[in-house]
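Protein chains get the first letters and strands the later ones, always in sequence-line order, with residue 1 at the start of each.
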2 protein chains.
Amino acid sequence: MSTEPTRRGRKAAKTSPAASAAPAPAAAPVAPSRPPAAIADRAGMRQVADRAGVAMSSVSRVLSGHPDVSAAMRSRVMAAVEELGYEPNMLAQMLRKGATQTIGFVVGDISNPLLAQIALGAEVALRAAGYAMLLTNSVNQPNLDATHIRLLQQRRVDGLLLSLSDETNDQTIEALSATPTPSVLIDRDLRTRTEESAVLSDHAAGITQAVEHLVGLGHRRIALIAGSPHVRPTRERINALEEAVEAHPEVHAQVRPGAFTEVHGGAATRELLDGRRPPTAIIAGGNQILVGVLGELAARQVRIPDDISLVTCDDVPLAKFFTPTLATIGRDPYEMGAEAAALLLARFGGAEPGVITLPTSFTGGRSCAAPPRTAPPAQGERP
Amino acid sequence: MSTEPTRRGRKAAKTSPAASAAPAPAAAPVAPSRPPAAIADRAGMRQVADRAGVAMSSVSRVLSGHPDVSAAMRSRVMAAVEELGYEPNMLAQMLRKGATQTIGFVVGDISNPLLAQIALGAEVALRAAGYAMLLTNSVNQPNLDATHIRLLQQRRVDGLLLSLSDETNDQTIEALSATPTPSVLIDRDLRTRTEESAVLSDHAAGITQAVEHLVGLGHRRIALIAGSPHVRPTRERINALEEAVEAHPEVHAQVRPGAFTEVHGGAATRELLDGRRPPTAIIAGGNQILVGVLGELAARQVRIPDDISLVTCDDVPLAKFFTPTLATIGRDPYEMGAEAAALLLARFGGAEPGVITLPTSFTGGRSCAAPPRTAPPAQGERP
DNA sequence: GTGAAAGCGCTAACAG
DNA sequence: CTGTTAGCGCTTTCAC
């Protein structure tokens, strides 16, 4: 950090940002009888109609591309629209039509590049179909999910895209039940509900491949540092690891669920390495977790892959230049977003809720090698 | 990539996502006279009033926390609200009140972690003040900026946060001029306008520090690979580099503006290294650019910092584990978002447009060292 | 083809 | 304290 923030106004602006959290006390001394018109003087359809000397309904027809309008009418109206710089008020249209052409996206943490990419994919697809996206951020606080679902319902979104921070939260389930609009779950699985469409990732396939790879290299002690146990990806990964290991009785698997955070990644790594049977390979179950794992390994001067092998789920931007290159279980988040949007649009078109599973891929890297010949003595290990 | 996407429906869902891009042909055989109620049967305030046996205005008063309501009235109304699961229709409120409690955020590229972080900071601050955020993504296409500004205006947002992809676009300026609501520019400078508030980063300070550091190490040929010349950060960085170099006549500076992309980063690096006076230090002007630079350096087996020194602007998540540690010109994007929100809220409170400049920081790293003693012969260099 | 009229669901005077 | 009354800006019958 260098200097303090500098504040300089253009028009002697005394700009005190922290101030006025309140909506706006309205400077008007006398309360006006009309709605306070927080929005400046903007021409409405009424003005356009008057200026063109026609009825409002005609303006409406022209603007909505109704076929039964004379060329003369069309040009008169358009002229007036131009002159007044008229912009239709979608609020009124929405209220009248009962549809907002808006979908809500409840996302756990938009600062996570994975989710940002999903949001991007969804937004592009939605916009192409004429929908805008209202985005809310639960900052990974489960109780905010329900709040946001209700908030979006009050704004009468036409549908919901949900990347919930907790699948098991009762309030969330309740809020969802009260939702009359179609919804699409993104890599989440709410067993109690079948009304929602879902786009899922095949985490099991990726984990299985990774485990086979590691076992093939000679690893016998594999750990998975997973994220929150309240979401599908974590459960799927854990299940997949346990199943994969069943096929190899000689392999000992350890699982450390927790949270999708750097802190958890670091703490779990510490715990594992200090444990009775330190793993020779770690699978980091998320990009934030990866950062924590790397930090702890670096701090201990544990070398990759000489001392320990590493696989990550969901790579991070710079991962490809990391030395050694990281073995990765990846997927295409942009496509997930796009498919989620498609699933929602399909429901608007009358389709039933659907589920689609997208593949994951395992890419080997230099971060995996044979375990050290002089494996640290498994302290107190019993036969 | 492994397998093909698997599609399995729950209720024999024939889920054809790509289908039905059209809003919804409406399955109803006979066109209803009322608005098509795309939204299911939801109780309105009318129903609540009837059920409670009171006037709508009373329901409204209770729900909006008006002081003059008897306890009896309050409980009767709340009971009806509960029973009907009533959710107020914000659309109607917005139309009536002339304010939407929504702000629009025009962002060039949400998949850029820097902008995602800014969006997060803004959203949190805005939500705390009761505002929701409508986000649009210009995918770095300048012509989309204007489109999105208009789109948000039609939705009657109360204010705009703008991270434009091009400051010089006429359409954008025009759209902005037609905007009656307050706006805040994020690290952008529209010379022709003073109506907008702005939150800026002090890029010059960071660049200056970096240059001094490099010169101190002995570098005499420094290159800046910058992003789009149509946005403030690029201009500021270029100006700062040129000014900093003026103080050191022995230093030769080269600048390669272009785009905030990996491709440009790689191409510019190639060009510079193949040029007449290859730099001994490169400053990467953006996180995507950095990726391109690193890629090209790796491909050529150019070592950092042995063969070349490297500084990056705006680090990426994994940067701290990059070997060698990267010297970085950083800033706090979350705070930028929060300050932008504050500036907007201040305007709602009646304040004039204001400008606030936030600091940047330079953090040295192992990626900078003295230039190689055997500097590559400056081919065809002239005295 | 075009106009008149009736609301979408809610709030805010204004009376009582 | 509570009810009545007018709309916010637009779309959509329904007549002409």
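- Applying the side chain to side chain donor-acceptor pair (under 3.5 Å) criterion to A:Asp109, with sequence neighbours excluded, gives A:Ser111.
- Atoms CZ (A:Arg46) and P (D:dT11) sit 14 Å apart, rounded to a whole Å.
- A rotation axis mapping the C1' atoms of four pairs onto the next four is fitted at both ends of the helix from C:dG1-D:dC16 to C:dG16-D:dC1 over five pairs, and the angle between these axes is 40° to 10 degrees.
- Regarding A:Arg156, its CZ atom lies at a distance of 11 Å from the C1' atom of C:dC10, rounded to whole Å.
- We find that CG of B:Asp50 is positioned 14 Å from C1' of D:dG3, with the value rounded to whole Å.
- Contacts between residues 85-93 of chain B and DNA chain C, defined by a heavy-atom separation under 4.0 Å, are made by B:Tyr86, B:Pro88, B:Asn89, B:Ala92, B:Gln93.
- The CE-P distance, from A:Met56 to C:dG7, rounds to 16 Å in whole Å.
- The interatomic distance linking B:Met94 (CE) with D:dC8 (P) rounds to 19 Å, in whole Å.
- Screening residues 160-175 of chain B for salt bridge (Lys or Arg N to Asp or Glu O under 4.0 Å) gives B:Glu167-B:Arg235 as the qualifying pairs, with residues at least two apart or on separate chains.
- Considering CD1 of B:Ile149 and CG of B:Leu164, their distance stands at 5.5 Å, rounded to 0.5 Å.
- One interatomic measurement links the two molecules: CE of A:Met45 to P of C:dT2, which rounds to 15 Å at whole-angstrom precision.
- Here CZ of B:Arg127 is found 7.5 Å from CG of A:Leu144. Values are rounded to the nearest 0.5 Å.
- Rounded to whole angstrom, the span from the CZ atom of A:Arg155 across to the P atom of C:dC8 amounts to 23 Å.
- Across residues 57-64 of chain A, A:Ser57, A:Ser58, A:Arg61 each have a non-hydrogen atom less than 4.0 Å from an atom of DNA chain C (numbered order).
- Remark: B:Leu160 CG to B:Leu152 CG distance equals 5.5 Å, nearest 0.5 Å.
- For B:Arg155 and A:Thr102, the side-chain atoms include at least one donor-acceptor pair closer than 3.5 Å.
- Within residues 66-81 of chain B, the residues having any heavy atom closer than 4.0 Å to DNA chain D are, in order of number, B:Asp68, B:Val69, B:Ser70, B:Met73.
- In this structure, CG on B:Leu162 lies 9.5 Å from OG1 on B:Thr172, to the nearest 0.5 angstrom.
- Minimum atom distance to the side chain of B:Leu95 is reached by D:dC8, of the listed D:dG3, D:dC8, C:dC8.
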